[in-house]
Amino acid sequence: AAVKAVSGYMITYEDKPIVAVYHAISSGKTEDAKDIWGEEFPYLKPVSSEGDKLSKDYITEAQFSAEQIREKLSSDIEFSGEESGYFGQIKRTDSGVVKEISVCGETLTGARVRTLLDLRSSNFEVKFEDGKFIFTVYGYGHGVGMSQNGANFYATYSGWTYQDILFHYYPDTYLMDTGEAYDEETVGQDKKGNPDIRTVLHLHPALAPFKAAVLPLSKKLSPKAEEIYKMLRKDFMVDFDDSGSIGKRYRREDEIGTPL
């Protein structure tokens, strides 16, 4: 029932489908994609997700001996000095994720430390105690886009609809009903005198399943057309159709929204 309710809908930004990334649990506020991946997405900006702090899995802890730290980080760091001084200054994003951390005078990203130590997120604190490094980790995942736990909280305790949740985590986006993009045009009469109706799917080229179609005018041209098709499909989703009249083939491409 839940799948059926949203069937046919697409989240878009400026008429293009969004990169709808998500994660399990934020640190209470989602992250800016630019801080995490270095690329700007206008709809992947920090938003509040306070329900995440109520999750039983919001805070986790991981402990490592000094030997384990040296082993796991050895590909990136040449260790020296006192063990208690291995980790130094931390730079964080506005939402809390570690952007950079000093390790023995060298700089690692929080994402890299998370990967090497298999932490649940890049939002962490570290301390050296009783000969062990103790990492306190907040949230689970990269923190960008929709928080699954946060979305569930808003739906369960705030009564938000799925539209409310999507527009909160992906601000300034639009929920497009692809069914509304279909149009029927009368282009004359068929051989029996009935209205000749052409169905057209009006999609932005970025949303079209096929970007172009190769339609040879005759069977004699099919071999050369196939060569063009194979060349184009290396870089684009392309359709090839040489069955039936050229008019019917154009009609079929109109029905699936092929722009070229």
Side-chain angles (χ1 to χ4, degrees), residues 2-3 5-7 9-14 16-64 72-73 76 87 90-101 107-126 133-176:
V3 173
V6 298
S7 177
Y9 285 92
M10 181 183 297
I11 315 171
T12 63
Y13 178 82
E14 294 185 347
K16 295 181 181 180
I18 71 167
V19 181
V21 294
Y22 59 91
H23 56 281
I25 307 170
S26 81
S27 57
K29 186 178 182 182
T30 64
E31 293 290 332
D32 190 324
K34 188 174 182 179
D35 285 332
I36 304 304
W37 298 314
E39 188 172 354
E40 184 83 39
F41 290 89
Y43 50 84
L44 295 179
K45 296 294 183 181
V47 299
S48 62
S49 191
E50 292 297 320
D52 287 323
K53 293 183 177 180
L54 302 178
S55 169
K56 63 181 179 62
D57 297 318
Y58 171 63
I59 299 177
T60 55
E61 186 177 282
Q63 297 187 15
F64 305 92
K72 292 177 180 293
L73 273 60
D76 295 56
F87 293 96
I90 292 178
K91 292 183 180 179
R92 297 182 182 275
T93 67
D94 290 341
S95 298
V97 156
V98 174
K99 289 185 74 172
E100 296 179 349
I101 183 170
T107 300
L108 291 182
T109 64
R112 182 61 176 161
V113 173
R114 178 197 177 193
T115 297
L116 293 174
L117 299 182
D118 196 25
L119 303 177
R120 285 168 66 94
S121 87
S122 300
N123 188 340
F124 58 80
E125 297 171 349
V126 57
F133 291 94
I134 302 172
F135 286 78
T136 303
V137 185
Y138 302 91
Y140 189 7
H142 49 63
V144 181
M146 185 180 71
S147 162
Q148 292 173 302
N149 185 84
N152 183 62
F153 176 86
Y154 283 130
T156 303
Y157 298 103
S158 299
W160 285 17
T161 64
Y162 74 86
Q163 294 98 325
D164 295 329
I165 292 169
L166 291 174
F167 295 146
H168 175 71
Y169 285 108
Y170 307 112
D172 300 322
T173 58
Y174 174 72
L175 195 59
M176 176 183 177

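No experiment lies behind these values; they were computed from the predicted model shown.
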Minimum heavy-atom distance [X]-[Y], with the two atoms named:
| X | Y | answer |
| --- | --- | --- |
| Val144 | His142 | N-ND1, 3.0 Å |
| Ser147 | Ser49 | CB-OG, 3.7 Å |
| Ala155 | Ile165 | CB-CD1, 4.0 Å |
| Thr30 | Lys45 | OG1-O, 3.4 Å |
| Gly96 | Arg92 | O-NH1, 2.8 Å |
| Asp52 | Ser26 | OD2-OG, 2.5 Å |

Spell out, as yes or no, whether a donor-acceptor pair under 3.5 Å connects the side chain of [X] to the backbone of [Y].
| X | Y | value |
| --- | --- | --- |
| Thr136 | Glu125 | no |
| Asn123 | Tyr138 | no |
| Ser48 | Glu50 | no |

Partners meeting side-chain contact (heavy atoms from CB on, under 4.5 Å) with [X] (sequence neighbours left out):
| X | answer |
| --- | --- |
| Thr156 | Asn152 |
| Ala20 | Ile18, Tyr170 |
| Ser95 | Lys29, Glu31, Pro46, Thr93 |

- Query: Under 4.5 Å between any side-chain heavy atoms of Leu73 and Leu108, yes or no?
  - Reply: yes

- Message: For a 4.5 angstrom cut-off between non-hydrogen side-chain atoms, does Thr107 reach Lys91?
- Response: no

- Cut-off 3.5 Å, side chains only: do Gln163 and Thr161 have a donor facing an acceptor? yes

- Message: So, applying salt bridge (charged side-chain N to carboxylate O under 4.0 Å, His left out) with Lys99, which one of Asp35, Asp32, Asp94 is it?
- Response: Asp35

- Query: ring-ring contact (aromatic ring centres under 6.0 Å, His included) with Phe87: which residues, sequence neighbours excluded?
  - Reply: Phe133, Phe135

- Item | Pairwise distance CG(Leu175) to OG1(Thr12) - rounded to 0.5 angstrom | 8.0 Å

- Partner of Tyr154 under ring pair (Phe, Tyr, Trp, His ring centres under 6.0 Å), picked from Phe167, Trp160, Tyr162, is Trp160

- Note on the structure: ring pair (Phe, Tyr, Trp, His ring centres under 6.0 Å) test vs Tyr43 passes for just one of Tyr13, Tyr169, Tyr174, namely Tyr13

- Kindly determine whether Val21 and Phe41 satisfy side-chain contact (heavy atoms from CB on, under 4.5 Å), including the steps that lead there. CA-CA 11 Å; Val21 294; Phe41 290 89; over 6 Å; no

- Query: Could you go step by step and tell me if Phe124 and Val113 meet the side-chain contact (heavy atoms from CB on, under 4.5 Å) rule?
  - Reply: CA-CA 10 Å; Phe124 58 80; Val113 173; 3.8 Å; yes

- Query: Which salt bridge (charged side-chain N to carboxylate O under 4.0 Å, His left out) pairs, counting each pair once, include a residue from residues 110-123, with sequence neighbours left out?
  - Reply: Asp76-Arg112

Going by atom type alone, with no hydrogens or angles, which donor-acceptor pairs under 3.5 Å involve a side-chain atom of residues 53-63 and a protein atom two or more places apart or on another chain?
residue: Ser55; atom: OG; partner: Asp57; partner atom: N; Å: 3.1
residue: Tyr58; atom: OH; partner: Ser27; partner atom: O; Å: 3.1
residue: Glu61; atom: OE2; partner: Gln63; partner atom: NE2; Å: 2.9

